[in-house]
Colleague: 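Right, I'll just put the structure down here and ask away after.
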Amino acid sequence: MALSEKAFLPPELEDDQQAAVLYSPFRDKSLNPNSWNRKMKFWENWLSKIALERQCLTFDLNLLPSMFERKGITPKCFATVIEELAKTGRVKSIEEFKKSNSWLSWGFNTLVKQPLTWSVGRLVGSSTANKATLYVWPEVVKKISEQLLADLQASMANEMTSNLLSVAELRNHHKLSIRSDEEFELILTQLQHDRKIVLRETEEKEMIVKFCKQDATKVENILDFELQVYQIQKTLKKLEKEIEDLSVRNERLVCEAKLYLREGKKAMALHSLRKKKSLLKTIERKSASLVNLQSIVEKIEDASTNEMVIKACEAGLMALKSLNNDLTVEKAEAIVDGVQEALENQDEINKILSTSSTSYDEDEDLEKDLDELLKDYGDKTKLDYSNQPGKHEKTEEIPLDAFQSLTLDDLGLPNVPSRSPSQSDHAPSTNDKQSGKLLYLS
């Protein structure tokens with residue numbers, strides 16, 4: 001949406017009666033405080049919303065009502081609304097903004113040659129504005145300045161050599177997102193006030209800006225060696241542009257030579273080739289200079305990295321010294337010896353506690369346990385025949401001494417054979433089967 005278009009009207013203004021109340025001048029607040037506060041809150045919130053959505057940094061109080069024209073009627077209450085916004089600091093006059101934000105004194109030299117009226121004309125289609133009625137939205141200025149700083153920090157190729165650039169280069173790079181030089185000045189003013197950028201003019205009358213790194217809370221002043229690095233980088237960019245232009249000319253000369261040959265103009269083709277050869281020598285010289293300068297920049301970046309590492313080592317050394325001030329070798333050895341002695345004492349205590357205070361004969365104790373078990377089961381053992389088929393339940397008591405006097409012969413087992421069984425021996429007879437079965441059952 002273009003800034004010259006009218007503002008989108010909220011639902012509260014669709015009703016004619018309600019719109020008439022909101023568009024009318026404010027009455028005395030004491031007559032109806034609640035109605036007065038609701039009306040004020042509505043316009044404060046809606047104006048702030050429009051400013052943030054459209055990124056309007058400034059507005060003219062005299063021309064602002066035309067944005068909200070409805071059926072030929074414009075609001076008559078904006079003077080009171082802006083007065084309340086100014087009391088809370090949500091809007092500031094140009095003069096107040098200059099004073100509170102240390103307005104840039106250098107004025108952009110050739111960049112800014114017009115008064116700060118850009119947004120007024122864009123906002124309501126007018127090219128003039130009364131400076132006394134020109135106001136700034138600080139909230140919008142701060143938001144856009146933070147976005148610009150984030151873009152700059154994201155574009156850094158090297159923290160040492162990439163956070164310096166000319167104001168003109170910065171302006172051209174953000175020409176689409178920042179619509180005018182006056183808007184650009186407001187943004188840089190805010191960044192300078194927040195100590196996120198610092199400005200310095202070179203001997204060639206060029207304005208240089210240095211912006212804050214991501215891990216820093218504020219920017220440091222521009223040092224002389226940083227300006228020197230900036231000049232080297234500026235020369236690099238110039239050489240790259242010249243080599244690019246010469247390469248284009250070289251290709252054009254080749255095309256010219258081919259064209260002359262097709263037309264039969266051999267002398268003109270040779271002339272184009274001579275110019276091409278001379279141009280190639282120039283490209284080679286400039287390319288060599290470009291490589292040398294790039295090598296210098298790389299060494300500077302390496303040196304900055306070494307400096308950073310050395311500073312980190314120094315900080316670590318100071319921290320170690322601070323921690324070791326109260327700790328000596330003798331103290332450490334005494335502590336280690338004390339710990340070792342305490343561990344040995346603990347081992348002795350554990351050994352003493354794990355040893356029983358009375359000694360006993362283990363075998364004698366086991367014999368006693370066995371006698372107890374025998375007493376529990378009695379001196380006799382009972383055999384149960386209840387599960388054998390064809391037999392009545394019968395319990396026979398056998399003395400325990402009978403088991404102790406049994407031998408292998410008493411069991412009636414067959415003798416061990418003295419030879420290997422033959423093939424016929426493998427087939428048991430019917431009598432053998434029956435006797436074996438009876439033996440099993442008995």
Colleague: Please walk me through it: do Phe184 and Val167 pass side-chain contact (heavy atoms from CB on, under 4.5 Å)?
Modeller: CA-CA 10 Å; Phe184 185 56; Val167 173; 3.8 Å; yes
Colleague: Given Gln190 and Asp194, is the side chain to side chain donor-acceptor pair (under 3.5 Å) satisfied, shown in steps?
Modeller: CA-CA 6 Å; Gln190 182 66 47; Asp194 295 337; 3.1 Å; yes
Colleague: Could you tell me the separation between the CD1 atom of Ile232 and the CD1 atom of Ile300, rounded to the nearest 0.5 Å?
Modeller: 4.0 Å
Colleague: Where is the tightest heavy-atom contact between Ala257 and Ala269, given as atom of each residue plus distance?
Modeller: O-CB, 3.6 Å
Colleague: Give the C-alpha distance, both sets of side-chain angles, the deciding distance and a yes or no for side-chain contact (heavy atoms from CB on, under 4.5 Å) between Leu9 and Glu14.
Modeller: CA-CA 8 Å; Leu9 298 180; Glu14 293 179 357; over 6 Å; no
Colleague: Whether the side chain of Ser35 engages the backbone of Asn32 through a donor-acceptor N/O pair (distance < 3.5 Å, no angle test) should be reported.
Modeller: no
Colleague: Could you pull out the closest heavy-atom pair between Val219 and Lys210, with the gap in Å?
Modeller: CG2-O, 3.6 Å
Colleague: When you measure from the side chain of Asn250 to the backbone N and O of Leu246, does any donor-acceptor pair fall under 3.5 Å?
Modeller: no
Colleague: Are Ser247 and Glu244 close enough that some pair of their side-chain heavy atoms sits under 4.5 Å apart?
Modeller: no
Colleague: Evaluate whether atom CD of Glu204 has more than 12 neighbouring non-hydrogen atoms of other residues, nucleotides or ligands under 6.0 angstrom away.
Modeller: yes
Colleague: Which residue is it: Ile50, Leu52, Val91? I am looking for the one with a side chain to side chain contact (heavy atoms under 4.5 Å, CB included) to Trp137.
Modeller: Val91
Colleague: So which heavy atom on Ser145 is nearest to which on Lys142, and how close?
Modeller: OG-O, 2.7 Å
Colleague: Leu170 versus Phe211: any side-chain heavy-atom pair under 4.5 Å?
Modeller: no
Colleague: Thr80 versus Pro25: any side-chain heavy-atom pair under 4.5 Å?
Modeller: no
Colleague: For the residue pair Glu185 and Thr189, establish whether any side-chain heavy-atom pair is separated by less than 4.5 Å.
Modeller: yes
Colleague: Under 3.5 Å, is there a donor-acceptor pair between the side chain of Ser278 and the main chain of Arg274?
Modeller: no
Colleague: Nearest 0.5 Å please: distance from the NZ atom of Lys49 over to the CD atom of Glu53.
Modeller: 3.5 Å
Colleague: When you check the gap from the basic side-chain N to the acidic O, do Lys71 and Asp16 get nearer than 4.0 Å?
Modeller: yes
Colleague: Would you sort out whether Asp60 and Tyr135 count as a side-chain contact (heavy atoms from CB on, under 4.5 Å), showing the intermediate values?
Modeller: CA-CA 6 Å; Asp60 188 327; Tyr135 289 85; over 6 Å; no
Colleague: With a distance cut-off below 6.0 Å to the six-membered ring centre and an angular limit of 45° from the axis, does Lys266 pair with Tyr260 as a cation-pi contact?
Modeller: no
Colleague: Is it the case that the side chain of Gln153 and the backbone of Cys212 share a donor-acceptor pair, with hydrogens and angles ignored and the cut-off at 3.5 Å?
Modeller: yes
Colleague: Does the Ser48 side chain pair with the main chain of Asn45, one donor and one acceptor, at a distance under 3.5 Å?
Modeller: no
Colleague: Is Leu165 close to Gln233 at the side-chain level, that is, under 4.5 Å between some pair of heavy atoms?
Modeller: no
Colleague: Below 4.0 angstrom, N of the basic side chain to O of the carboxylate: do Lys143 and Glu139 qualify?
Modeller: no
Colleague: Hey, is the main chain of Leu22 close enough, under 3.5 Å, to the side chain of Trp43 for a donor-acceptor pair?
Modeller: yes
Colleague: Look at atom CD of Glu341 and say whether more than 12 heavy atoms of other residues, nucleotides or ligands are closer to it than 6.0 Å.
Modeller: no
Colleague: Should Glu169 and His173 be marked as a side-chain contact (heavy atoms from CB on, under 4.5 Å) after you check the CA-CA gap, both sets of side-chain angles, and the distance that decides it?
Modeller: CA-CA 6 Å; Glu169 183 182 5; His173 184 69; 5.6 Å; no
Colleague: With side chain to side chain contact (heavy atoms under 4.5 Å, CB included) as the test, pick out the partner of Leu290 among Glu240, Lys238, Arg285, Glu242.
Modeller: Glu240
Colleague: Hey, what do you get for CD (Glu183) to CG (Leu188), rounding to the nearest 0.5 Å?
Modeller: 11.0 Å
Colleague: Give, for atom CH2 of Trp36 and atom CG of Asp28, the distance between the pair rounded to the nearest 0.5 Å.
Modeller: 10.0 Å
Colleague: Does the distance from a Lys or Arg side-chain N to an Asp or Glu carboxylate O, for Lys234 and Glu206, drop under 4.0 Å?
Modeller: yes
Colleague: Using side chain to side chain contact (heavy atoms under 4.5 Å, CB included) as the criterion, point out the one residue from Val136, Ile82, Leu134 that pairs with Phe59.
Modeller: Ile82
Colleague: Considering non-hydrogen atoms only, spot the tightest contact between Tyr23 and Leu13 and give its length.
Modeller: CE1-CD2, 3.7 Å
Colleague: Walk me through it: do Lys237 and Thr235 pass the test side chain to side chain donor-acceptor pair (under 3.5 Å)?
Modeller: CA-CA 5 Å; Lys237 293 178 182 178; Thr235 304; over 6 Å; no
Colleague: Taking Arg171 for its side chain and Ile178 for its backbone only, find out whether a donor-acceptor pair lies under 3.5 Å.
Modeller: yes
Colleague: Quick check on the 6.0 Å ring-centre criterion: do Phe68 and Phe78 meet it?
Modeller: yes
Colleague: Might you point out which heavy atoms bring Ser66 and Thr74 nearest each other, and give the distance in Å?
Modeller: CA-CG2, 4.3 Å
Colleague: Answer yes or no: is there a side-chain heavy-atom contact under 4.5 Å between Leu239 and Ser289?
Modeller: yes
Colleague: Take atom NE2 in His271; do more than 12 heavy atoms of anything else shown fall under 6.0 Å from it?
Modeller: no
Colleague: Would you give the length of the straight line joining atom CG of Leu199 to atom CD of Gln192, rounded to the nearest 0.5 angstrom?
Modeller: 5.0 Å
Colleague: When you check the gap from the basic side-chain N to the acidic O, do Lys87 and Glu84 get nearer than 4.0 Å?
Modeller: yes
Colleague: So Val229 and Leu164, do their side chains get closer than 4.5 Å, heavy atoms only?
Modeller: no
Colleague: Measure the CG-CG distance between Leu236 and Asn292 for me, rounded to the nearest 0.5 Å.
Modeller: 10.5 Å
Colleague: Considering non-hydrogen atoms only, spot the tightest contact between Asn163 and Lys213 and give its length.
Modeller: ND2-CE, 3.9 Å
Colleague: Just by modelled atom types, is the Val21 backbone N or O under 3.5 Å from a matching donor or acceptor in the Lys39 side chain?
Modeller: yes
Colleague: Does any part of the side chain of Lys218, heavy atoms only, come nearer than 4.5 Å to the side chain of Lys196, both counted from C-beta?
Modeller: no
Colleague: Is Asp245 salt-bridged to Lys286, cutoff N-O under 4.0 Å?
Modeller: no
Colleague: Keeping Asp15 on the side-chain end and Gln18 on the backbone end, is there a donor-acceptor pair under 3.5 Å?
Modeller: yes
Colleague: So, does Arg70 use its side chain to make a donor-acceptor pair with the main chain of Pro75 at under 3.5 Å?
Modeller: no
